[in-house]
Amino acid sequence: MSFLSQNAPESKSNKREEVKKQYRDVEDGEETGSDDDTRGKRRKTEKETEKEKEKLQESELVQMKNLENSLFGSLYSPLTFGKVEEEDGSALFHVDRSAVSQTLDHEDDDDDDDEQLSDEESGQVVGVRKGEAAWEDEEEKQININIASVNRLRKLRKEENEGLISGSEYIARLRAHHANLNPGTDWARPDSQIIDGESSDDDTLDGGVDDILRTNEDLVMKTGNKLCAGRLEYSKLVDANAADPSSGPINSVHFHQNAQLLLTAGLDRRLRFFQIDGKRNTKIQSIFLEDCPIRKAAFLPNGSQVIVSGRRKFFYSFDLEKAKFDKIGPLVGREEKSLEQFEVSQDSNTIAFVGNEGYILLVSTKTKELTGTLKMNGSVRSLAFSDDGKQLLSSGGDGQVYVWDLRTMKCLYKGVDEGSTCGTSLCSSLNGALFASGTDRGIVNIYKKSEFMGGKRKPIKTVDNLTSNIDFMKFNHDAQILAIVSTMNKNSIKLVHVPSLTVFSNWPPPNSTMHYPRCLDFSPGSGFMAMGNAAGKVLLYKLHHYQNA
């Protein structure tokens, strides 16, 4: 037993070695006998596997291409609409799309190329009739949009009281509005869209490109800045001087450049400052001038000083930082008994006073000294600065408007104000493009200054809604509103929508008494409008179109 047990593992190992040796002999025989055959077989199998891989990749690419075409359409063929393809009923969704056959094969016949070019030159897409929409969304007819509730959509209204419109109508108005703001040019349009040199697109402007080049107005206005004509949207707020009303007529109201500070002044000899928020309008300070019933008071545009004048030979300058009054005058070399009427230049450098016998007195805001004089033919009644203080407009008893260059101290142009025998009021827009002239007969002429100085004396608009002497006028900051005031009659105030040259129909407010208006001012962003009257009140209004005070 012991002998068998010792020799058993040796017999097993010998058998394994014999089997391995036979297996190696067979392999050696095959390799030595047919080396060339085995190498050829291996190369064939490798080529077959590579071809199979390429076929698989090509089939995958074809499947991906077909899937892209079914979802997004061919990248090389233009899309056509109106033809329905037959789809398998098991598809998840149906695509209503047919493609114009355009192959990229370079072996196409010349006839096919000619037919393809003829279709392209016709300017029409296969499957779509001219004038028809490619497709319609049924949900657009079911959606209603309120264009009156959003400021930037109010420009789409055709009527002032229009509110809800359908989705399809909303899209049509957006397209028309875009076409009006961005009119196409003839050279960029296909020949089929131009008939006898005129565009066949009804959405473009009537005058075309020529009308755009004839004006220097902005082609595209900022969002929400276009004021609608017809009716002015506003709210009546707490009186600006409710905390301390005046005991006499208010002759001046003026907003500071920060839009929060408002000054009021009048014949009660008090200069008051209020912080305007539309709710409480807290009084900040009240200053009493013993020897000067105030006829006019105004901030310098830079906000550093207040110029105060009355029917006196002198005037006052109030420094806001030092809270100190300086009495200036009489002016050296002049004998004017009254310096009550003046205007301040936009650059805060010059004060122009109305003098005697047609003289205009120019005073420096820094030195408070007389720097020069200008002389009109007739008496001077009104002044207005323009072009950032470089030019000055004046009018008076001769019914003419003078344009002065303050750098050369010469008259650039003098023209007759149409229908005027005596000019009583002038005002200019901040950019200097427009100015308005009021007369003693209640007529206001609005001019483009460039046209007026070019010899065209015809105003772009004549406003004759008032019948008494025009005493005060004011453009708001973007020159979309012109306020006209006459102190002779109650509620004698009008607001003009300048872009359309029409008067707002709901101003003055119906069923409300504004008493005798005397002065008016807009805040720097036109969010507030303050109006002083003869009863000593300063009425305050919020203009909803303007978001900033």
Side-chain angles (χ1 to χ4, degrees), residues 160 226-237 240 249-255 381-382 384 395 401 417-420 422-430 433-448 459-523 526-535 537-546:
E160 187 66 26
K226 187 176 181 181
L227 180 65
C228 293
R231 296 176 63 85
L232 181 66
E233 297 181 4
Y234 64 91
S235 297
K236 177 69 171 63
L237 304 177
I250 300 292
N251 287 330
S252 288
V253 293
H254 196 200
F255 279 95
R381 297 284 299 274
S382 59
S395 66
V401 176
D417 186 12
E418 186 179 74
S420 172
C422 180
T424 59
S425 181
L426 278 175
C427 72
S428 175
S429 61
L430 288 180
L434 301 174
F435 75 91
S437 174
T439 68
D440 56 352
R441 296 190 300 167
I443 295 176
V444 175
N445 291 326
I446 303 175
Y447 295 92
K448 287 185 177 181
I460 60 176
K461 178 64 177 179
T462 298
V463 182
D464 54 1
N465 296 72
L466 301 180
T467 58
S468 56
N469 186 81
I470 303 298
D471 299 295
F472 183 86
M473 294 188 299
K474 179 80 173 183
F475 281 102
N476 74 324
H477 81 284
D478 60 0
Q480 293 196 77
I481 301 176
L482 171 63
I484 304 172
V485 176
S486 176
T487 61
M488 303 298 293
N489 300 317
K490 285 186 176 181
N491 299 336
S492 186
I493 179 172
K494 290 293 182 180
L495 298 181
V496 180
H497 181 254
V498 178
S500 65
L501 299 174
T502 57
V503 177
F504 286 104
S505 60
N506 61 336
W507 193 271
N511 302 325
S512 64
T513 303
M514 307 180 75
H515 208 266
Y516 293 89
R518 297 185 65 85
C519 53
L520 182 145
D521 192 31
F522 297 95
S523 60
S526 299
F528 291 125
M529 181 177 67
M531 190 205 69
N533 59 24
K537 294 183 179 180
V538 179
L539 308 181
L540 186 65
Y541 298 89
K542 174 69 174 71
L543 304 184
H544 297 307
H545 173 75
Y546 297 99

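Nothing fancy with the numbering, it's 1 onward along the sequence.
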Going through the distances and angles, do Met531 and Ile493 end up as a side chain to side chain contact (heavy atoms under 4.5 Å, CB included)? CA-CA 10 Å; Met531 190 205 69; Ile493 179 172; 3.8 Å; yes
Please test Trp507 against Tyr541 for side chain to side chain contact (heavy atoms under 4.5 Å, CB included), starting from the C-alpha separation and ending with a verdict. CA-CA 12 Å; Trp507 193 271; Tyr541 298 89; 3.8 Å; yes
Ile484 vs Leu466, test: side chain to side chain contact (heavy atoms under 4.5 Å, CB included). Steps then yes/no. CA-CA 9 Å; Ile484 304 172; Leu466 301 180; 3.7 Å; yes
Is there a side chain to side chain contact (heavy atoms under 4.5 Å, CB included) between His544 and Ser235? Walk through the geometry before answering. CA-CA 8 Å; His544 297 307; Ser235 297; 2.5 Å; yes
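Put simply, NZ on Lys236 and CG on Leu539 are 5.0 Å apart, with the number rounded to the nearest 0.5 Å. With rounding to the nearest 0.5 Å, the separation of CG in Asn445 from CG in Asp417 is 5.0 Å. Once rounded to the nearest 0.5 Å, the distance linking NE2 of His515 with NZ of Lys490 reads 5.5 Å. Rounding to the nearest 0.5 Å places CZ of Phe528 at 6.0 Å from CG of Leu540. With values rounded to the nearest 0.5 angstrom, Leu495 atom CG is found 11.5 Å from Thr502 atom OG1. Atom NZ of Lys494 sits about 11.0 Å away from atom CG of Asp464, to the nearest 0.5 Å.
By the side-chain contact (heavy atoms from CB on, under 4.5 Å) test, Asn489 is found to be paired with Thr467, Ser468, Ser492, residues two or more places apart in sequence or in another chain being considered. Residues meeting the side chain to side chain donor-acceptor pair (under 3.5 Å) test with His497, sequence neighbours left out: Ser500.
Checking side-chain atoms of Arg441 against main-chain N and O of Gly419 turns up a donor-acceptor pair under 3.5 Å. Remark: the backbone N or O of Ile481 is paired with a side-chain donor or acceptor of Asn476 at under 3.5 angstrom. For the pair Ser428 (side chain) and Ala384 (backbone), a donor-acceptor distance under 3.5 Å is absent. No donor-acceptor pair closer than 3.5 Å links the side chain of Asp440 to the backbone N or O of Asn469. For the pair Gln480 (side chain) and Leu227 (backbone), a donor-acceptor distance under 3.5 Å is present.
Tyr546 and Asp478 share a side-chain donor-acceptor pair at under 3.5 Å. Defined by atom type and a distance below 3.5 Å, a donor-acceptor pair is missing between the side-chain atoms of Arg518 and Asn533. Ser395 and Ser382 form a side-chain donor-acceptor contact under 3.5 Å, judged by distance and modelled atom types alone.
Minimum heavy-atom separation, Ser429 to Phe475: N-CD1, 3.6 Å. Considering all non-hydrogen atoms of both residues, Thr487 and Tyr516 come closest at O-CD2, 3.8 Å. Taking each heavy atom of Asn491 and Met514 in turn, the nearest pair found is OD1-N, 2.7 Å. The shortest heavy-atom contact between Ala530 and Val538 is CB-CG1, 4.0 Å. When all heavy atoms are compared, the tightest approach of Arg381 to Gly423 is CB-O, 3.1 Å. Closest approach of Met473 to Ser425, counting heavy atoms only: CE-O, 3.5 Å.
Val485 is not listed as a side-chain neighbour of Asp471, based on a closest heavy-atom distance of 4.5 Å or more. Side-chain contact between Thr439 and Cys422 is absent, with no heavy atoms from C-beta onward closer than 4.5 Å. Put simply, the side chain of Lys542 does not reach to within 4.5 Å of the side chain of Tyr234, judged on heavy atoms. Contact of the Leu482 side chain with the Ile446 side chain is registered, since non-hydrogen atoms from C-beta on lie closer than 4.5 Å. Counting heavy atoms from C-beta on, the side chains of Lys448 and Leu434 come closer than 4.5 Å. Between Val401 and Phe435, the closest side-chain pair of non-hydrogen atoms falls below 4.5 Å. With contacts defined as side-chain heavy-atom distances shorter than 4.5 Å, the pair Pro459/Glu418 qualifies.
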